[in-house]
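To keep things clear, I will list the structure first and then write my remarks on it.
Here the structure is a predicted model, which means the values were calculated and not measured.
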Amino acid sequence: MVKPSDKILWLSIIQGWAILLVVIGHVNAFTYSGVEGEMYPMSTWINRFCYSFHMPLFMFVSGGLLYFTRLRKGWGTIDLYKDKLKRLLVPFVAFTVIGFVVKIPVAGMTKSGLDLSVGGFFSAFFNPADGPLKELWFVGTLMWLMFMYPVYKIMLRRPWSEWLLLGMTLLPFLFDMHFNVKGWLNLAGVTQYAFYFVGGILFFKYDLIDFFARHLWATIAITALYLVCFMVGSMPPLVTASLGILMTFGWGSRLTRFPHLFSSFRDHSFQIFLVGIFPQMMVELMVWRHVHAAWMQLPFYVVSCLLALLCGVVMSRAASRLKPAWLRWGFGLK
């Protein structure tokens, strides 16, 4: 079984794996052959693997952390809102501005371009998809999910209401009822990710990690099912993503025997998410776009990922020393 003292360790390892998937997923070895969006075969497979479950995994972990650090401790709603405004909204605003500053000199070279008008600047705060860092959609959606904190407090009081809550988050997938709205801090992402977020809350509440720690066969079976779904490619994304999440937690429960796994960066995951895309973008634009070949994919991935992790960790450690505190908030730090 997973001992209580190992709980933070296995969670840290999973957080390290989750941000590593995000960093790898941001690498795209495009062929630049004139076919828009065409990638080399290896890159296509890696991209498919990462995007099959890495953002649902991030949402699952976020929901679990909300339970682990807030819900089970009885945090009040106002205190939670104040905390998340500092930890999420402030970095969202800060890195939207930073994104404009960094991308303006290379706006003509980027794949998506950049609206440099005054309207385009203000639109980026309303709709991350129109901004310089489209990856910030995650922060916007996460803020909406955190905003529903009072609902979680009420629904977690009884088992039947927990099942009702989970079932409600599943309805959009069963009946294709996803939000079809643009902007509003990526409100549309709520129906896409609430199921994983709530699933993480309940997974942590009932300590289901112990089940996987006791039953290796379950982890192996889920891994096999995930691989089948991934290879087939036509399975509903919800199924593949759910299996990928459970597979991750299954193996994560056993990796505590390697306590230093991902230790060099696993405690800086949010900062890596915020800043890691910048060096990756520069390597792609300045190097890969001009010098690329199929055999260069692996070195490209290694260099791009290492730079993202290194810049994220260095920025996190440097920002943690900033005073006053509001400067640290811009980097997602207390």
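H292 and Y32 have tilted rings, their planes meeting at an angle from 30° to 60° on a 0 to 90° scale. Classification of the F121-F125 ring pair by plane angle, with boundaries at 30° and 60°, yields perpendicular. Ring planes of W144 and F147: perpendicular class, angle over 60° (limits at 30 and 60°). Using cut-offs of 30° and 60° for the angle between ring planes, the W17 and F262 rings count as parallel.
Remark: side-chain polar atoms of Y193 are not paired, donor with acceptor, to backbone N or O of P56 under 3.5 angstrom. The closest donor-acceptor contact from the side chain of Q271 to the backbone of M315 lies at 3.5 Å or more, if one exists at all. In this structure, the side chain of K205 engages the main chain of L156 through a donor-acceptor pair within 3.5 Å. A donor-acceptor pair under 3.5 Å links the side-chain atoms of R328 to the main chain of L322, judged by distance alone.
Residues G131 and A124 approach most closely at CA-CB, 3.5 Å, considering heavy atoms. Contact between G233 and R48 at its shortest, heavy atoms only, is CA-NH2, 3.8 Å. Residues L9 and P259 approach most closely at CD1-O, 3.5 Å, considering heavy atoms. Looking at every heavy atom in both residues, W137 comes nearest to P128 through N-CB, 3.8 Å.
Here the two rings, on F53 and F230, have centers that are 6.0 Å apart or farther. In this structure, H54 has its ring center no closer than 6.0 Å to that of F49.
Taking the ring axis of F68 as reference, the NZ or CZ atom of R72 stays within 45° of it and closer than 6.0 Å to the ring centre. For the pair R254 and W251, the NZ or CZ position fails the cation-pi test of under 6.0 Å to the six-membered ring centre and within 45 degrees of the ring normal.
Annotation: side chain of I201 is not in contact with side chain of E162 (no heavy-atom distance under 4.5 Å). The shortest side-chain heavy-atom distance between L327 and K323 does not fall under the 4.5 Å cut-off. Side-chain contact between M59 and L142 is present, with heavy atoms from C-beta onward closer than 4.5 Å. The shortest side-chain heavy-atom distance between L89 and K84 does not fall under the 4.5 Å cut-off. The closest side-chain heavy-atom distance from V198 to M168 is not below 4.5 Å.
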TODO: Report the C-alpha distance between N186 and F138 in whole Å, list the side-chain angles of each, state the deciding distance to 0.1 Å, and finish with yes or no for side-chain contact (heavy atoms from CB on, under 4.5 Å).
DONE: CA-CA 8 Å; N186 205 55; F138 166 77; over 6 Å; no
- [ ] Dump the intermediate steps for side-chain contact (heavy atoms from CB on, under 4.5 Å) on F173 and T191, then the final yes or no.
- [x] CA-CA 8 Å; F173 295 95; T191 56; over 6 Å; no
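The only option from F300, F30, Y301 that meets the ring pair (Phe, Tyr, Trp, His ring centres under 6.0 Å) definition with W288 turns out to be F300. With F60 as the fixed residue, the ring pair (Phe, Tyr, Trp, His ring centres under 6.0 Å) test singles out one of F203, Y67, F204, Y196: F203.
A donor-acceptor pair shorter than 3.5 Å cannot be found between the side chains of S43 and Q297.
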